[in-house]
> 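The structure under discussion is supplied below as structure tokens; questions concerning it will follow.
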Amino acid sequence: VGFLVRFILAWLLGLLALAAFPQIEGLAITATLKSISATTLPLDIPCRIVGSSLEIAGANLEIITDCTPIMATLMLWSAMIAFPARGHWRALGMLAGLIVLWLYNIARVLVLAFVLGRQPRWFNFVHIYLWQTLTLGVVGVIFALWAARERRRLA
Amino acid sequence: VIRFLVRFLLWSTALALPCLAVMGPYQTALVNAATATYALAGVKSRLEVDLHEPMSVGVFIALCLASQTAPARLRWRAVLTGIPTLFLVALLCIVWLVGMQRLLSDYSGVSARLVARFVETTGETVPWIAAPSLWVLLLGRRGFPHA
């Protein structure tokens with residue numbers, strides 16, 4: 001219960017910080033657009049940034065806050081802050097988590113773009129599934145692996 | 001840990017399709033319950049919601065079924081308690097979101113914008129944290145896979 005209370009408090013504080021500094025979301029959107037565009041270059045996938053939208057392989061996707069890894073990162077960081085761990089291990093976990101979630105998000109948006117371009121009727125399902133279920137799974141994997149290593153050290 | 005996560009992903013993938021199938025009726029039920037809640041308070045309302053519910057219910061059931069370290073009876077009890085609880089959480093979330101939006105519509109300025117954004121993001125992310133939080137609460141340590 002203690003972990004849960006700390007987790008919810010950290011999550012609410014994070015949301016409050018996001019509301020107080022909307023620039024963070026703006027930065028996340030810009031960085032998401034640029035990183036996806038950069039990823040498509042070596043993969044030889046046609047990609048163009050138009051405002052806050054991406055044109056990838058015939059599909060047009062508008063990138064909003066939910067399309068960035070910001071909420072997933074906030075959830076992971078809240079869990080890591082709530083979990084008793086050494087300071088440097090926590091910092092390392094948060095940094096590694098951010099990188100993994102960023103890469104996962106690029107893959108997620110690319111998959112969504114391809115589904116929208118090739119199988120648009122599956123888009124709704126894939127979007128919801130990837131956004132909620134798989135993202136939660138990825139956050140869970142990162143947190144569980146990180147926490148398990150810390151727990152082994154404490155045992 | 002990895003086995004648990006594989007089980008969770010398999011269960012949640014299997015449950016995603018039925019959740020999507022009942023999404024329409026489930027959200028209609030949520031809207032009806034929210035409208036009735038407002039009617040109880042003497043407020044007339046006509047609501048429309050676009051949530052991803054009941055995906056969080058699917059995620060929660062998947063977490064419970066994947067928790068093989070907990071006794072089966074406890075897992076099923078958690079599932080049966082969790083489903084109505086998550087409906088209630090989604091209902092409270094809608095009531096909170098709509099209520100705050102109405103309240104804030106009379107105000108402008110930086111603080112009102114800050115509160116509105118906070119309320120919006122809270123509502124958007126509640127489904128994300130409700131399922132795992134409830135799982136931790138109902139199954140506690142017994143739900144966690146042994147490292």
Side-chain angles (χ1 to χ4, degrees), chain A residues 1-8 10-22 24-25 64-66 70-76 78-79 82-83 122 124-155, chain B residues 1-17 19-21 23 50-60 62-63 66 110-138 140-141 144-147:
Chain A
V1 175
F3 167 79
L4 206 60
V5 172
R6 288 194 299 273
F7 168 69
I8 290 172
W11 169 69
L12 285 173
L13 280 173
L15 288 182
L16 205 60
L18 281 179
F21 304 103
I24 300 173
E25 288 181 45
I64 56 167
T65 307
D66 283 352
I70 208 163
M71 291 303 172
T73 306
L74 178 61
M75 192 176 174
L76 177 69
S78 302
F83 193 83
W122 277 93
N124 196 29
F125 172 71
V126 176
H127 181 239
I128 294 171
Y129 173 74
L130 286 182
W131 185 76
Q132 201 157 343
T133 309
L134 203 61
T135 305
L136 193 64
V138 173
V139 171
V141 168
I142 302 168
F143 177 71
L145 292 175
W146 172 85
R149 196 162 250 231
E150 185 66 3
R151 237 179 354 187
R152 266 204 299 271
R153 191 194 67 87
L154 292 170
Chain B
V1 173
I2 297 298
R3 272 187 202 164
F4 167 81
L5 290 162
V6 170
R7 278 199 303 271
F8 163 67
L9 285 177
L10 287 175
W11 274 115
S12 54
T13 306
L15 289 165
L17 275 171
C19 283
L20 195 75
M23 198 172 265
D50 182 21
L51 299 166
H52 289 164
E53 291 302 321
M55 293 306 274
S56 63
V57 178
V59 167
F60 173 75
L63 280 169
V110 179
S111 357
R113 271 204 303 275
L114 191 149
V115 177
R117 185 69 194 124
F118 176 69
V119 168
E120 194 187 329
T121 47
T122 314
E124 278 171 2
T125 48
V126 159
W128 271 49
I129 71 149
S133 301
L134 195 62
W135 172 68
V136 171
L137 201 68
L138 292 175
R141 279 184 184 275
F144 285 115
H146 295 300

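Numbers restart at 1 for each chain; the letters A, B, ... are given by sequence-line order, proteins then strands. What you are looking at is a predicted structure, and each value in this text was computed from that prediction instead of being measured.
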> Any chance you could measure B/I129, atom CD1, to A/I8, atom CD1, to the nearest 0.5 Å?
5.0 Å

> Please flag which part of A/L4 lies under 4.5 Å from any non-hydrogen atom of chain B: side chain, backbone, both or neither.
side chain

> With a 4.5 angstrom heavy-atom cut-off, is it the side chain or the backbone of A/L74 that approaches chain B, or both, or neither?
neither

> Identify which part of A/M71 has an atom lying under 4.5 Å from any heavy atom of chain B, answering side chain, backbone, both or neither.
both

> Need one label for B/V126: side chain, backbone, both or neither, based on atoms under 4.5 Å from any heavy atom in chain A.
both

> Excluding sequence neighbours, so at least two apart, what forms side chain to side chain contact (heavy atoms under 4.5 Å, CB included) with B/A62?
B/F8, B/W11, B/S12, B/L15

> Chain B heavy atoms under 4.5 Å from A/A147: which part of the residue, side chain, backbone, both or neither?
neither

> Could you state the interatomic distance from CD1 (A/I142) to CG (B/L5), rounded to the nearest 0.5 Å?
10.5 Å

> Tell me, do B/T122 and A/W11 make a side-chain contact under 4.5 Å, heavy atoms counted?
yes

> Tell me, with the steps shown, if B/F118 and A/L12 meet side chain to side chain contact (heavy atoms under 4.5 Å, CB included).
CA-CA 9 Å; B/F118 176 69; A/L12 285 173; 3.9 Å; yes

